[in-house]
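All ligand and atom numbering here is 1-based and tracks the order in the structure.
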Amino acid sequence: MTEIVQLELIKNAVGGSKKASQSGRVAPVYNPATGEVFAEVGLSSAAEVEDAIAVAKAAFPAWRDTPPLKRARVMFKFKELLSANADKIARAISSDHGKTHDDALGEVARGIEVVEFCCGIPHLLKGEFARNVGPAIDSYSDRQALGVVAGITPFNFPAMVPLWMYPVAIACGNTFVLKPSERDPSAVMVVYDLLMEAGLPEGVLNIVHGDKEAVDTLLTHPDVKAISFVGSTPIAEYVYSTGTANGKRVQALGGAKNHMIIMPDADLDQAADALMGAGYGSAGERCMAISMAVPIGKETGDKLVEKLIPRVQALKIGPATDPDAEMGPVITKAHQQKVKGYIDQGVKEGADLLVDGRDFSLQGYEDGYFVGGTLFDNVTSEMTIYKEEIFGPVLSVLRAESYQEAVDLINAHEYGNGTAIFTRDGDAARAFADQIEVGMVGINVPIPVPVAYFSFGGWKRSLFGDHSIYGPEGIRFYTRLKTTTSRWPAGIKEGAVFTFPNMD
Ligand code: NAD
């Protein structure tokens, strides 16, 4: 008789308590290193999401009126708990995402940075004041919370990307409904428990797991005032158009194809090492991964490729439990097939496949979703592997004749998330930062993810909406400006005035 294994069911968290979804729909949660299902996640119905929105709405007035200093104290405590539990969170990330433990710890560290930024919320929310804008008239402006706001997040940073959103939103005085990725929902629940332990009042942060049904409910519900989305470009575009058509403020961050220019004067060992980390770290499943290396001139290209080949062949690939692993599996079987399909397509379209990761297999983990490190040379801008985001451990070399050709290429690409230049030439570096049509630029820095007191966001089809995420832009996104004009003492009489008010 087959043994029946009761899988853990990952629940929603609404109004401070955990509730299993009653929708009758669940999705399996896999360990990508083994291909085994280790949990299930409930897929919330529209009614369950509406309930979470109602709970968040009810919690809003008291939370909005809580002094910012008290909200900041919750953030301070939260930061302490996150730091103390970083290892536990990282393990939860690796369990269903598959990234290495060190990489997961790095993700947690970057999430903590955002919470540290939010500890300064009393200062960040201070407005402007002007005395005597007219006789006995003063004006002040300040930024006020919106109400219930929602976040929809991708699989690739299951702890960090939610932390880009809700700490900033709730520090500003909003209440929040989060819909995490259904593919790796474990880490977000560990972090939620810590925030509740830090003293967040019930109903301020609510988590509903789900799929399109949950997302569509958030996008159309009149009580949701703003939506933060991070994910692929087609869904980002859908979220932006649907959310804005329903009267919401929306920031929707999408996909990417990030180029790194290698100038002839660059330190090629440094550039090759940078490409290894930025191309293959987290199995290429980062929106800031470098997937295109663009060496300038034949000699630079030849030397770079010569340095890359042995490095790619020597990549240590393994499960997160292997402390020596440099990268893990990709997220699902379907994604593994998709990445391999892109490699097939690259070969078909005439790119030179220098290192082929399609047949990679790991003893004891044959059913895991691994793809070996893959390297293409002589890729052209017409090829599918150039145009589309692969989101896997596939690095392509596109050789350019000149710096200008490389810049024109990057500027013509539909995505504009991140980019980098490796050079010792300050003139070239400055011109690049000036001319490139990309939101985040690295100069001898391969993954220029802004620190938490700057803001993160791409250009072109990598971001729909007017605001980047977290940092000062996050504060602007989650608040609206109010300007008050007041006259004291109140008794000054000037009779009825029918001209447009002015201070003369
Ligand atoms: P995804 O677009 O498939 O999913 C993102 C979220 O949207 C998930 O919560 C998912 O449940 C939901 N969703 C999926 N299909 C939907 C539909 N049809 N209708 C409504 N909601 C839907 O993205 P993913 O595969 O989880 O993440 C990888 C993508 O995210 C990559 O393209 C990557 O570049 C991008 N990403 C971008 C950034 C950035 O900052 N620009 C950061 C991380 C990831």
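Taking only non-hydrogen atoms, the option from Thr233, Val230, Val215 nearest to atom 21 (N) of ligand 1 is Val215. Scanning Gly418, Ser232, Gly439, Ser468 for the heavy atom closest to atom 2 (O) of ligand 1 points to Ser232. Of the listed options Gly254, Cys287, Gly458, Gly254 places a heavy atom closest to atom 41 (N) of ligand 1. Considering Ile235, Ile390, Thr242 only, the shortest heavy-atom separation from atom 17 (C) of ligand 1 involves Ile235.
Close approach of ligand 1 to Leu253 (heavy-atom distance below 4.0 Å) involves ligand atoms 39 (C), 40 (O), 41 (N). For ligand 1, the atoms sitting less than 4.0 Å from at least one non-hydrogen atom of Asn417 are 41 (N), numbered in the order shown with element in parentheses. Against a heavy-atom cut-off of under 4.0 Å, Lys179 is close to the following atoms of ligand 1: 8 (C), 9 (O), 10 (C), 11 (O). Atom numbering of ligand 1 starts at 1 in the shown order; those under 4.0 Å from a heavy atom of Trp164 are 40 (O). Interface of Ile152 with ligand 1, defined as ligand atoms under 4.0 Å from a residue heavy atom, comprises 6 (C), 7 (O), 9 (O). Under a 4.0 Å criterion applied to the non-hydrogen atoms of Asn156, ligand 1 contributes the atoms 43 (C), 44 (C).
By the ring-ring contact (aromatic ring centres under 6.0 Å, His included) test, Phe157 pairs with no residue at all, sequence neighbours left out.
In terms of protein heavy-atom proximity, atom 31 (C) of ligand 1 is closest to Glu389 OE1, 3.5 Å. Distance from atom 28 (C) of ligand 1 to its nearest protein heavy atom, with residue and atom name: Phe391 CE2, 3.6 Å. Protein heavy atom closest to atom 3 (O) of ligand 1, with residue, atom name and distance, is Arg183 NH2, 3.5 Å. The nearest protein atom to atom 26 (O) of ligand 1, hydrogens excluded, is given as Phe155 N, 3.0 Å; this is a heavy-atom distance. Ranking the protein heavy atoms by distance from atom 19 (N) of ligand 1 puts Lys212 CG, 3.4 Å first. For atom 8 (C) of ligand 1, the closest heavy atom belonging to the protein is Thr153 O, 3.3 Å. What sits closest to atom 40 (O) of ligand 1 on the protein, heavy atoms only, is Phe456 CE2, 3.0 Å. Scanning the protein for heavy atoms near atom 27 (O) of ligand 1, the closest one is Pro154 CB, 3.3 Å.
In terms of polar-atom proximity, Gly231 is counted as a contact of ligand 1, with an N or O under 3.5 Å from an N or O of the ligand. For ligand 1, one of its N or O atoms has an N or O atom of Glu182 under 3.5 Å away.
With 3.5 Å as the limit, one finds a donor-acceptor pair spanning the side chains of Glu349 and Thr384. Defined by atom type and a distance below 3.5 Å, a donor-acceptor pair is present between the side-chain atoms of His259 and Tyr386. With 3.5 Å as the limit, one finds a donor-acceptor pair spanning the side chains of Tyr342 and Glu388. Side-chain atoms of Asn246 and His221 include no donor-acceptor pair closer than 3.5 Å.
Of all the heavy atoms of Phe229, the ones lying under 4.0 Å from any atom of ligand 1 belong exclusively to the side chain. Looking at Val239 against ligand 1, nothing comes within 4.0 Å, counting heavy atoms.
At a threshold of 4.5 Å between non-hydrogen side-chain atoms, the residues Tyr166 and Val191 count as touching. Leu362 places a side-chain heavy atom less than 4.5 Å from the side chain of Pro319. Side chains of Arg71 and Leu125 form a contact here, defined as non-hydrogen atoms less than 4.5 Å apart. Under the 4.5 Å side-chain criterion, counting only non-hydrogen atoms from C-beta, Met165 is in contact with Val230. Counting only heavy atoms from C-beta outward, the side chains of Met440 and Asn417 approach each other to under 4.5 Å.
The CD1 atom of Ile331 lies 12.0 Å from the CD atom of Gln336; values are rounded to the nearest 0.5 Å.
Put simply, the side chain of Ser241 gets close to the backbone of Tyr238: a donor and an acceptor are under 3.5 Å apart.
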### Task
Take Leu463 and Leu253 through the test side-chain contact (heavy atoms from CB on, under 4.5 Å) and record every step on the way to the result.
CA-CA 4 Å; Leu463 171 65; Leu253 284 74; 3.6 Å; yes

